Number of protein chains: 2
Amino acid sequence: MAQRPAGARRAEILRAAAVLFAERGFHGVTIDDLGRAVGTSGPALYRHFPGKEALLAAVLIDVSERLAADARARAAAEPDPREALRAMLRGHIDFALTEPALITVHDRELGNVPEPERRRVRRLQRGYVEQWVAVLARLRPGAGAPVLRAAVHAAFGLLNSTPHSAGELPPERMGALLLEMATAALLAES
Amino acid sequence: MAQRPAGARRAEILRAAAVLFAERGFHGVTIDDLGRAVGTSGPALYRHFPGKEALLAAVLIDVSERLAADARARAAAEPDPREALRAMLRGHIDFALTEPALITVHDRELGNVPEPERRRVRRLQRGYVEQWVAVLARLRPGAGAPVLRAAVHAAFGLLNSTPHSAGELPPERMGALLLEMATAALLAES
DNA sequence: CACCCACGTTAACGGTCACTAACATCGCCG
DNA sequence: CGGCGATGTTAGTGACCGTTAACGTGGGTG
């Protein structure tokens with residue numbers, strides 16, 4: 001049997017699962033679909049995950065952790081809030097353009113994650129939002145936290161729309177457009 | 001049997017279905033769920049719709065038609081493109097705040113609509129986007145149609161994020177915030 | 001009043017799906 | 001080289017789900 005680095009199969013399954021979940025939704029994908037997507041058939045997945053829900057949970061936890069960690073690193077590296085915001089925007093946009101399936105699953109399928117992991121994902125997502133709010137608060141001292149939170153959520157909606165308008169523009173053009181639109185939106189006074 | 005205006009039951013079913021589909025996704029809702037939500041049980045729905053997919057199609061066609069018709073009316077009533085854009089934004093925002101379930105289903109479940117109706121929904125959606133592009137083109141003569149289309153999709157993502165951040169702000173504050181953010185985003189040069 | 005039709009009901013059927021059981025294969029390690 | 005753990009395979013199995021069948025009922029109409 002072809003030997004490969006430990007966990008490679010597991011990562012391959014997670015990647016394929018994200019694509020299928022993004023395309024058809026959690027309940028629209030069968031275990032056999034998932035197996036076929038990685039070249040095995042159906043029940044082989046139970047060697048790597050205890051069940052379908054656990055697989056979804058692993059995808060969501062992975063995405064949430066990557067987003068939060070990336071934002072933390074970028075924010076810490078830029079003392080100027082304006083530059084920190086730009087860096088965080090570039091990070092999120094890069095993620096959305098590179099892995100549209102992960103972004104899609106991330107904001108659609110939380111409801112299908114079983115309870116202990118759901119709480120974990122929620123906490124990670126909240127932490128991510130709060131990092132954005134903290135940076136934004138320094139740029140807009142007049143605005144209260146609820147407004148900033150709502151603004152951040154709206155900006156995420158803008159950035160995460162990429163999967164739905166794929167192919168309209170080449171990725172670099174699209175990235176630049178999203179960067180300017182999101183910046184303008186986040187700094188607009190209401 | 002309680003007699004009510006013709007089609008009232010049908011409309012009631014559509015409304016309940018939109019809520020459930022938005023919450024759990026098309027495949028996450030059963031016929032029995034839908035029946036229970038309107039006080040009947042399961043198969044009674046087949047007196048009103050030929051099947052589950054037809055029900056979803058009816059929801060999507062209804063939403064798409066309302067959005068497109070509303071935008072057409074508002075755009076025609078305002079000769080100034082700046083005012084037309086504001087009016088269209090207010091219309092979409094009002095819709096998103098009033099009927100979050102419809103907005104959610106509208107941009108998630110197209111893939112589950114069977115083929116003849118899917119084409120129809122797509123055409124309606126495309127027409128809606130093109131109305132926005134036409135107005136925007138007058139405000140940003142320098143930008144090409146692909147950029148404007150991408151910008152419009154991104155703005156929809158921003159506006160449609162409301163369901164995910166419900167309760168952060170009172171509806172009027174949220175509406176005003178979305179209006180300013182979307183305006184700034186759509187008019188930002190890239 | 002008789003009939004019919006709109007609208008429900010419950011029971012059953014056939015298919016699909018997540019998951020389990022039982023069994024095979026292959027590389028590593030003692 | 002012999003066994004063992006990791007990783008597959010195929011064949012169930014029980015539950016659920018969309019849909020259909022068969023049957024009830026009550027109000028408007030000829």
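The sequence lines fix the lettering, A, B, ..., with proteins before strands; numbering per chain opens at 1. Note that these values count all heavy atoms, side chains included, but never hydrogens, waters or copies made by symmetry. As the structure is a computational prediction, the values presented were derived from the model and not from experiment.
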_N/O (side chain, Arg9(B)) to phosphate O (OP1/OP2, dA6(C)) under 4.0 Å_ = no
*Is there a side-chain contact between Glu83(B) and Arg86(B), using heavy atoms and a 4.5 Å cut-off?*
yes
Spacing of [X] atom [atom1] relative to [N] atom [atom2], expressed in whole Å:
X        : N       : atom1 : atom2 : answer
Lys52(A) : dC16(D) : NZ    : C1'   : 13 Å
Ile31(B) : dG8(C)  : CD1   : C1'   : 15 Å
Glu53(A) : dC17(C) : CD    : P     : 17 Å
Arg10(B) : dA6(C)  : CZ    : C1'   : 15 Å
Glu12(A) : dT7(D)  : CD    : P     : 13 Å
Leu34(B) : dG18(D) : CG    : P     : 8 Å

*Looking at DNA chain C, which of residues 36-50 of chain A put a heavy atom within less than 4.0 Å of it?*
Pro43(A), Tyr46(A), Arg47(A)
*Residues from residues 18-28 of chain A lying under 4.0 Å of DNA chain C - heavy atoms*: none
*Are Arg120(B) and Glu65(B) close enough for a salt bridge, meaning some N to O gap below 4.0 Å?*
yes
*asked:* With a 4.0 Å cut-off on N to O distance, would you call Glu12(B) and Arg9(B) a salt bridge?
replied: yes
Does [X] use its side chain to pair, donor to acceptor, with the backbone of [Y] at less than 3.5 Å?
X         : Y         : result
Glu109(B) : Phe26(B)  : yes
Arg118(B) : Val113(B) : yes
Gln131(B) : Arg72(B)  : yes

_Using 30° and 60° as the class boundaries, would you call the ring planes of Phe156(A) and Tyr128(A) parallel, tilted or perpendicular?_
parallel
*Test log, rule side-chain hydrogen bond (donor to acceptor under 3.5 Å, both in side chains), inputs His92(A) and Asp70(A)*: CA-CA 9 Å; His92(A) 192 112; Asp70(A) 191 65; over 6 Å; no
